[in-house]
Amino acid sequence: MGVSIVPTLRVLKPAAMIIVVMALGTVVGFWANAAFLPGTAPKQPIAFSHKMHAGDYQIPCMYCHIEARRSISAGVPSINKCVGCHGIVAKDRPQIRKVLDYWQNKEPIPWIKVHDLPDFVYFPHKRHVLAGVECQICHGPVETMDVVTRTAPLKMGWCLECHKARAVEHGTDCWTCHK
Amino acid sequence: MAAEHNELTYADVNRDVVRSLVETGPKYYVTLGVAVGVFLTCFFFPWFYQLFYGIGAAGMNQPTVWGTYLASFIFWIGLSHSGTLLSCVLHITNSAWRKAMYRSAEAMTLFSLMVAATMVMVHLGRPWFIHWSLPYPNQMELWPNFRSPLLFDVMAISTYLAGSSIFIYMGSIPDFAAVRDRTSGWRHHMYVLLSLGWRGTDTEWHRLGRAYTFLAVLIIPLAVSVHSIVSWDFALSIVPALHQTIFAPYFVVGAIYSGTAGIVTVMFMLRKYMNFERYITELHFDNLGKLLLLLSLIWTYINVLEIFTGWYSGTSTELEALRYKLFGFYAPLYWEMILFCAVAPLLLISRRFRTSFVPMLFLSFAINIGMYTERFLIVATSLSRKYLPDTWGLYVPSLVEISILIGSVAMFVTLFLVFVKIFPSVSIYEVKETMDVPRKGTPQWQTTR
Amino acid sequence: MSVVDRFSESWRKYRKPGYYEDFDYAWTMTIDLDRCNGCEACVTACQAENNLPIVGEEDIARGRQMQWIRIERYWDGEYPNARLSFIPMLCQHCDAAPCETVCPVSATYHNQDGLNVQVYNRCIGTRSCAVYCPYEVRYFNYSNHHWPAPLDQQLNPDVSVREKGVMEKCTFCIQRIRQAKDHAKDDGRRRVRDGEVQPACVQTCPTEALVFGDRNDPDSQVSRSLNDPRAYRVLDELNTRPSVVYLKKVVTDGG
Amino acid sequence: MANNALGLFHEPDAALAAAGKLKGAGFAAPALISPIPMEGVEEVLGRKTSVIKRFTLFGAILGGLSGFALAAGTAVLYVHPTGGRPIITFPPFLIITYEMTILFGILATVLGFLISARLPAIRERVYVPDAAVDKFAVTVLCDNAEQFERAAAILRGAGAEDVQAIAEQHP
Amino acid sequence: MPDIDRRDFLKLVGAGSVGVAAGFVLAESIKHPVEYLIPFPVPPEDYSPGIATWYNTVCRMCAAGCGISVRTREGRAKKIEGNPAHPVNQGRLCALGQAGLQVLYNPDRLTTPLLRDGDRTGPFTQITWEEGLSAVADRLASVDGGRIYLLSEGVRGHLAGLFELFMAGLGSNRLLHYDFDYPHTLYAANKRFYGENNLPYYDLRNARYLLSFGADYLGSWISPVHHGLGFGHSRQGGEVRGYFVQIEPRMSLSGAAADEWIAASPGTEGLLALGLAHHIVAEGLYEGDDRDDWMSALAAYSTARVAEQTDVPTNTIARLAKAFARNQPSLAIGGGAAGNHSGGVDTLVAVNALNYLVGNLGKSGGLLFNPDPVVGRPTRSRRASFQTMLELAEDARRGNIEVLIVNQTNPVFTLPAATGFKEALAGIPLIVSLSSFMDETTALADLILPSHTYLESWGDDIPEPGVGFRTASVSQPVVSPLYDTRATGDIVLGLAQKLGLTDSMPWTSMKEYVEQGWRQIHARGADTETRDFQAFWRAILQAGVWGEKLRRDNGAFALDKSVIDNIGAQQPEFSGSNDDFPFVLHPYLSNTFLDGRGANLPWMQELPDPMTSVVYGSWVELNPATARQLGLAQGDLVRVESPHGSVSAPVYLYPGIRPDVIAMPIGQGHAEYGRYARNRGSNPIEILAPRAESHTGALAWSATRVKLAATGKKAALVQTGGTSRQLGRGIVQTTDATAGSGHNARLNSIPIKVVST
């Protein structure tokens with residue numbers, strides 16, 4: 001005649017295993033989603049290749065994104081900018097024809113945001129550009145991308161690391177970046 | 001002491017307690033069903049509505065940004081005081097009459113604490129971010145503000161929850177063992193785990209005794225600190241009539257007061273519906289009654305002090321706060337509180353009253369209603385009469401708030417009903433301790449087989 | 001820099017009380033009650049600038065108005081000698097603010113501008129800051145507010161729209177201060193010039209009763225008006241050290 | 001083979017006496033299994049001391065230190081000046097310290113209890129269910145049959161109403 | 001795990017897959033929503049995303065004509081602020097002016113031309129502009145010009161000119177500018193006393209002593225923002241603090257701001273003024289050579305008599321008179337309720353007399369005469385008075401009106417019900433409304449051609465009164481039009497083209513017309529030779545305002561004796577007998593809604609009334625003593641009954657009002673006019689007696705007597721304020737005038753950081 005908790009543990013083992021497996025499963029599922037469809041490279045209305053423009057032809061970023069240097073937002077070039085060149089260049093390519101169609105109908109191109117910060121974030125491109133922060137630090141090596149992909153997490157902690165590393169003045173004050 | 005147990009044998013104790021666990025009548029299921037139903041309809045769904053609509057679902061407004069939710073929070077915290085606290089004090093002072101009732105008292109502590117914690121969730125504007133008030137490393141590299149009285153609360157209450165749950169568990173390990181041997185099936189397995197393979201050897205008893213005492217010693221100051229801290233949520237503000245030195249003791253006393261009343265209620269219920277007549281006796285009600293009387297007197301005294309100091313200060317703010325409390329919009333509530341918590345308890349002077357169960361039950365109800373009113377008034381009256389008269393306003397609880405209050409009671413009842421089926425709600429071995437050890441010729445001289 | 005350095009540095013910097021005297025700026029507002037005529041232009045200016053919602057009749061009836069700056073009115077005497085005085089009441093940006101200490105998540109604190117700032121994203125809605133504030137200038141979002149189209153086109157993109165369950169209050173138009181600093185940087189200046197930045201209410205006040213500036217700058221207009229012997233602070237006895245200073249209303253008996 | 005002698009007693013005093021006799025007869029410390037904590041065990045089997053208090057003390061101290069460290073450390077890690085107070089403000093931080101002291105104290109005590117009481121029981125241990133009701137058992141370890149007989153004799157002599165031989169299996 | 005049979009394995013597989021699914025869904029649910037970046041196909045030249053652009057233009061929320069700068073981001077108007085360069089408001093702006101944004105972005109705007117099918121109860125149907133314009137044009141072409149009316153809100157500058165040309169082209173002179181709060185009496189009084197067509201410039205800024213007879217100069221009178229600037233400066237800007245006296249039965253915003261509030265009995269302001277004048281002359285405080293004429297003219301207004309007529313103590317009259325004469329420069333202004341009585345003009349003339357007697361004319365701190373505006377402005381005959389509107393109604397009844405074009409004005413709301421104006425409109429076959437909103441008048445129209453709001457249109461404006469020198473401002477669109485609407489000017493030009501009036505109106509657009517008109521201003525300008533017109537025009541568009549800083553010579557002002565002899569003031573006449581109607585009804589322009597035009601702006605609805613903190617509704621102000629007599633309490637719903645009808649509203653106990661007067665704000669009580677205005681509060685104008693001022697025919701809207709009937713009901717009186725007594729908490733602290741003796745900042749428990757200056 002004796003007493004011990006072990007027999008009971010034996011009885012409970014299957015149930016415990018089921019729970020553990022389920023937990024593991026959840027982790028796996030989460031990871032799988034994040035890994036295989038991260039949604040960081042959405043399909044754009046026009047397959048614009050930064051690799052070709054910024055990479056091969058060496059067009060500087062701020063030739064098209066003119067505002068980056070003087071405004072909060074970097075600004076997406078409006079079609080007349082595209083047409084400025086493509087009115088002459090490579091007019092026969094299917095993608096370019098699409099662009100020209102937009103231009104004919106005077107419709108804007110509905111680009112999808114790849115690097116999208118929440119509305120409560122105050123991120124002046126101007127300050128960062130003037131401070132000599134490379135575009136690639138946040139946007140990744142765009143000049144090598146055919147399809148622009150978000151490489152940086154764009155999370156608060158990530159911003160803070162940089163701000164701390166560069167010892168930005170009041171770089172960790174909430175109201176420096178929040179609004 | 002042993003007198004009233006004369007007809008009892010050790011075996012009876014085991015039998016009765018085990019029966020209370022395994023034999024479940026339809027009455028129980030009905031009550032449980034009702035409790036759960038009320039909880040869902042009055043607490044859960046209204047709260048969901050509030051989550052979607054916003055705190056605006058409640059009646060709170062500009063001057064009075066705190067309302068019944070916070071009042072209920074304090075109330076439940078208060079109710080939790082005396083369960084464990086009382087049990088600890090009595091354990092250390094080694095008073096025997098504790099032993100039949102402390103288990104359920106402690107359970108009360110545990111569950112009212114849980115309800116209180118939920119009330120915090122309900123109170124918050126964005127409860128889905130409540131984890132930000134806990135200190136854990138995060139990618140935002142942010143930490144809670146340890147200077148805030150509210151964070152004291154977070155720390156204190158979590159400690160208290162841990163402490164009292166451990167305390168009640170330790171106390172019932174031997175009983176789990178006893179029940180383990182008398183049960184079968186899933187119950188058996190559960191109790192095997194709960195009892196950790198307790199045997200009751202002299203060493204185990206000794207260790208348990210030591211550890212239990214240490215816990216008791218640690219928990220008494222903890223309990224006191226918890227409600228002092230709750231009071232500081234108010235007292236550390238500079239709101240007239242809240243910014244008072246007396247508040248901490250005031251709250252602690254009030255807490256123990258309502259808690260003790262709560263115990264009376266629970267005792268009555270156990271005695272009546274779990275057939276523990278032979279364990280919970282007039283003696284307990286008598287002692288609790290005395291305690292209640294003492295507490296009510298202290299509580300009244302502090303109330304008088306509050307009025308006196310407020311009046312004596314003579315400042316416009318204090319006087320207005322006082323006038324508003326005594327004669328303003330909420331005055332009826334105030335006087336109701338005085339009647340229930342200061343006047344009615346004077347009946348306890350007579351032993352006949354203390355030892356008659358039903359009146360005691362009603363008194364305990366009255367006291368707790370009064371104490372809830374007190375918490376409500378603390379929030380409502382002072383916040384609606386702050387410094388700038390132009391901002392004065394009126395606060396009336398909304399339907400959602402009221403139903404959530406009712407629902408929180410149902411939540412408590414539900415938890416308690418579950419408890420009585422898992423925990424031996426009367427401590428087997430400590431009851432035995434109060435009986436004579438078996439010797440030839442004593443009524444205990446019988447065998448179990 | 002290493003953790004230890006950061007420890008010792010911030011410890012040294014914030015050891016003694018009154019450290020906020022050394023902040024970059026000490027933005028201050030003076031309100032001349034002898035000029036103020038209660039026209040409430042400031043109120044609308046604030047609503048327009050800071051995306052304050054229209055809470056609607058029902059909610060106001062329940063005491064949930066939202067105006068970061070409001071005009072309080074106080075009558076003295078009875079007819080025919082009745083007198084009505086107005087006093088604009090906004091967040092006093094106290095240096096020793098009771099609201100800051102009580103927030104469990106540091107959603108409100110003092111920043112280097114000497115402002116009492118409220119971080120909407122961090123707020124979990126305990127509403128305790130509003131309880132601790134003796135000036136009743138903190139406003140809570142009891143529900144999500146909507147702007148029937150196209151009213152939403154007016155919303156100021158420099159100010160976020162607060163969601164339900166968040167506390168909000170006057171920021172001294174921090175977005176304008178930020179703008180001004182930005183310009184200063186562009187011009188290679190370390191500091192913002194006096195008068196370069198004005199909150200919406202100050203900017204629009206028809207009687208010029210409101211003056212805004214940095215009281216650390218001895219030549220600023222606000223420093224000068226702080227010298228006025230009429231200067232006083234509301235509820236000074238509470239020692240909250242407001243950054244909003246009032247100039248007494250002048251009352252004369254007969255010409 | 002049976003390696004434990006267990007005597008069931010009806011009266012605590014008898015059980016206690018039996019335990020004393022066994023000890024006197026040179027048996028390694030016999031164990032008393034009882035439904036309630038028994039008085040006078042220490043007189044018979046010698047004083048008991050436990051390490052629990054050390055656990056409690058150590059835990060409390062650790063808790064206090066870590067409590068203050070948490071409060072002060074985080075305050076410095078991410079500075080949020082509030083209310084014009086220094087970032088390391090003793091009165092409030094002492095409260096945190098206090099709570100953490102108690103929390104760790106409690107947890108350490110529990111740990112100490114489990115360790116010193118050798119719980120939970122993994123190895124199967126000698127036990128009789130009746131001892132949780134109203135019987136008082138004395139059990140002693142016997143290396144061989146001869147020892148068992150002696151132990152049984154002593155137990156019966158002390159008035160055990162039943163003596164069993166129980167083996168401790170190892171799971 | 002060694003022993004694991006098939007069933008267990010399946011269980012585990014199931015559990016695992018459930019977990020995976022859960023995790024996957026979780027990850028999916030926390031994904032960031034898709035956002036778009038949509039650039040302009042072709043960006044405007046002065047546009048860049050993330051950078052604000054400011055446009056200077058003119059505020060049209062009231063007649064003051066303040067200059068405004070509108071902040072725009074991404075092509076949307078974000079904020080309206082005063083234009084710092086503008087002489088009227090100098091960068092400041094009132095609440096109503098800032099709410100202009102909500103006129104532009106109002107959810108209840110009319111978005112397309114609408115045609116009523118069937119009679120005037122029927123619904124509207126959308127039509128194109130082409131259809132709309134031709135429909136109107138055909139009708140206009142077919143009828144005789146004399147039967148065409150154009151009823152507009154008071155407009156100035158080139159739009160007014162355009163209207164003139166248009167109506168002239170149609171051969172009609174039935175062009176009327178109607179505003180409820182147009183100060184007819186003030187113009188008449190100034191004309192009679194000074195022989196001036198323009199309002200003078202009231203120089204509050206430098207005035208040391210101001211007597212205001214009923215003019216709420218800080219709230220709603222003529223140019224509140226400009227007066228505010230003056231008030232502020234006079235109070236604390238100079239060495240000597242200005243002293244302000246307000247004489248009115250109900251304390252207005254200005255009354256609260258004043259140092260002294262004198263509740264003379266309603267309508268006797270003129271008598272009081274003459275009493276003061278009499279005292280001044282009698283006490284020898286005036287030594288003009290026409291002193292004797294004055295003596296004889298004022299003989300009837302001895303202090304004692306005036307005192308008992310006006311219910312102002314004699315010593316007060318004496319004190320005021322002395323102070324007014326001694327504290328130079330002083331200024332007396334009159335208007336508001338004082339002018340809205342049977343003898344309004346006489347009253348205001350009497351006020352002018354005061355200024356004359358102490359020599360405030362043409363000097364700083366007094367009143368300066370304005371030069372004639374540089375761009376034509378409707379003559380006073382075009383300004384429709386109450387009388388004119390009655391005649392219009394009469395014509396309508398007689399069927400003399402074929403077409404009525406209504407532009408942005410709302411007579412149905414701002415005329416007393418007793419005039420039967422609304423019913424009269426039934427007699428007009430075609431009513432065309434150019435309003436941007438569905439107001440009460442537009443709701444009766446047959447055809448709606450919705451105008452742009454002023455923030456979308458071209459135009460210009462001449463502030464009235466001027467600021468002592470010539471100035472004009474251009475208004476330009478700050479955003480591209482939101483809807484399918486057109487600027488009023490363009491609509492008129494469009495009609496003109498259809499009617500073939502192009503020779504008199506050759507312009508294709510309002511912009512062109514305005515620009516062309518400004519060539520004349522450029523022509524007269526000093527910089528004509530230095531800058532060509534285009535440069536000048538660009539500069540103007542940037543600055544938003546033009547002015548030439550030469551004050552008019554206010555040389556010796558000679559007063560004709562006949563004027564002096566005609567000086568006089570009578571007791572006011574009221575509609576309704578004293579016994580049946582014990583109270584005088586004192587309707588006043590709400591600071592937030594003015595005559596009701598602001599009621600559709602949510603900001604204005606939610607802006608607490610400065611004096612009572614009431615929002616979203618109207619109320620009846622009652623002296624607490626009176627309320628006690630009637631047994632009424634705050635929030636009791638009462639019916640206000642005049643001989644011509646009744647409205648009901650909750651009681652507000654108002655310490656600053658005469659016991660025999662009750663006051664109601666104008667502006668609420670709309671039946672139409674959008675979701676924010678509809679069915680809110682009540683409109684006191686409804687119950688006013690159709691009594692006209694004797695000389696000008698303006699509506700005497702302070703001359704109606706009423707009685708109160710308790711309904712026994714409580715009404716929601718929505719207030720933002722709580723208790724409005726300080727209870728000695730020293731919230732608003734005061735000091736007496738002698739500076740320095742006031743409570744010193746340095747003595748505060750915490751010294752305010754003071755730097756030596």
Side-chain angles (χ1 to χ4, degrees), chain C residues 32-35 37-41 43-45 47-49 54 57 60-61 65 71 73-75 78-80 82 84-85 87 148-151 153-154 156-157 203-209 215 218 223-224 226-227 229-234 236-237 239 241 245 248-252 254-255, chain E residues 73 76 78-79 81 92-95 98-99 101 105 107 218 225 228-229 231-232 235-236 241 243 253 256-257 259 263 319 323 482 602-603 606-607 610 613 615-616 623 655-656 716 718 720-721 724-726 731-737 740 742-745 748-750 752-755 757:
Chain C
D32 189 337
L33 297 181
D34 202 30
R35 280 174 180 254
N37 64 13
C39 72
E40 294 189 333
V43 180
T44 308
Q47 284 189 308
E49 174 74 16
I54 302 300
E57 184 174 8
I60 291 188
Q65 62 274 15
I71 303 291
R73 54 198 59 64
Y74 292 108
W75 287 96
E78 291 298 343
Y79 178 85
L84 181 60
S85 320
I87 177 170
L151 276 177
Q153 293 190 21
Q154 177 271 335
N156 183 352
Q203 191 282 330
T204 204
C205 178
T207 58
E208 295 169 320
R215 72 168 173 275
S223 299
R224 258 177 274 122
L226 281 173
N227 277 336
R230 295 183 294 131
Y232 79 101
R233 288 158 155 165
V234 172
D236 203 1
E237 64 273 20
N239 292 1
R241 302 184 168 221
V245 175
K248 293 185 173 181
K249 186 184 172 82
V250 176
V251 172
T252 54
Chain E
R73 270 273 303 263
R76 288 169 177 177
K78 297 299 178 186
K79 180 104 169 45
E81 290 181 0
R92 311 298 173 155
L93 199 61
C94 70
Q98 302 185 61
L101 285 173
Y105 289 129
L218 294 175
V225 176
L229 279 159
F231 171 82
R235 265 289 169 82
Q236 290 296 335
R241 176 175 178 276
Y243 190 84
L253 201 65
D259 298 83
R319 180 165 54 77
L482 263 66
W603 281 341
E606 206 148 288
L607 192 66
S613 90
V615 294
Y616 286 111
N623 186 304
V718 183
T720 60
S724 58
R725 295 277 171 178
Q726 293 200 56
I731 296 154
V732 179
Q733 294 184 17
T734 58
T735 170
D736 62 17
H743 159 113
N744 188 329
N748 286 12
S749 56
I750 306 156
I752 293 170
K753 191 169 173 187
V754 173
V755 277
T757 49

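In the text below, chain A, chain B and the rest are named by the order of the sequence lines, each starting its count at 1. Note that the structure is predicted; figures quoted are calculated from it, not measured.
Side-chain N or O atoms of C:Lys248 include none that pairs as donor or acceptor with a backbone N or O of E:Val732 at under 3.5 Å. Side chain of E:Arg92 to main chain of C:Gln203: a donor-acceptor pair is present (N/O by atom type, distance under 3.5 Å, no hydrogens or angles). Of the possible donor and acceptor atoms, none in the side chain of E:Ser724 sits under 3.5 Å from a partner among the backbone N and O of C:Arg73.
What you find for E:Pro610 and C:Gly38 is that their closest heavy atoms are CB-O, 3.2 Å. Minimum heavy-atom separation, C:Pro150 to E:Pro107: CD-CA, 3.8 Å. Here the closest heavy-atom approach between residue C:Asn37 and residue E:Ala257 is recorded as CB-CB, 4.0 Å. Contact record, E:Gln733 with C:Tyr232: N-OH, 3.1 Å, taken as the closest heavy-atom pair. Minimum heavy-atom separation, C:Arg35 to E:Phe231: O-CE2, 3.2 Å. Summarising the geometry of C:Thr207 relative to E:Gly228, their closest heavy-atom pair is CG2-O, 3.4 Å, with the distance given to 0.1 Å.
Interatomic distance, OH of E:Tyr105 versus CD of C:Gln154, reported as 8.5 Å (0.5 Å rounding). To the nearest 0.5 Å, atoms CD (E:Gln98) and CD (C:Glu49) are separated by 10.0 Å. Put simply, CD on C:Glu57 and CD on E:Glu606 are 10.0 Å apart, with the number rounded to the nearest 0.5 Å. Of the inter-residue distances, the one linking C:Gln65 atom CD with E:Thr720 atom OG1 reads 5.5 Å to the nearest 0.5 angstrom.
Chain C forms the most heavy-atom pairs under 4.5 Å with one residue out of E:Leu482, E:Ile731, E:Val225, and that residue is E:Ile731. The candidate from E:Gly721, E:Ser613, E:Ala263, E:Cys94 with the greatest count of non-hydrogen atom pairs under 4.5 Å with chain C is E:Ser613.
For a residue to count as touching a neighbouring chain, one of its non-hydrogen atoms must lie under 4.5 Å from one of that chain's; by this rule E:Leu101 touches chain C with the side chain only. At a 4.5 Å heavy-atom cutoff, the contact between C:Pro148 and chain E is made by backbone and side-chain atoms alike. With a 4.5 Å cut-off on non-hydrogen atoms, C:Ile71 does not touch chain E at all. For E:Arg73, the part sitting under 4.5 Å from any heavy atom of chain C is the side chain, from C-beta outward, and nothing else. Both the backbone and the side chain of C:Ala61 come within less than 4.5 Å of a heavy atom of chain E.
Looking only at side-chain heavy atoms (C-beta outward), C:Asn156 and E:Lys79 stay at 4.5 Å or farther from each other. Between C:Pro157 and E:Arg76 there is no side-chain heavy-atom pair separated by less than 4.5 Å. A heavy-atom distance below 4.5 Å is found between the side chains of E:Leu229 and C:Glu208. Put simply, the side chain of E:Arg241 reaches to within 4.5 Å of the side chain of C:Thr252, judged on heavy atoms.
Residues E:Gln236 and C:Asp32 have side chains that never bring a donor and an acceptor to within less than 3.5 angstrom of each other.
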Problem - Chi angles and distances behind the side-chain contact (heavy atoms from CB on, under 4.5 Å) call for E:Leu218, C:Cys39 - result: CA-CA 8 Å; E:Leu218 294 175; C:Cys39 72; over 6 Å; no
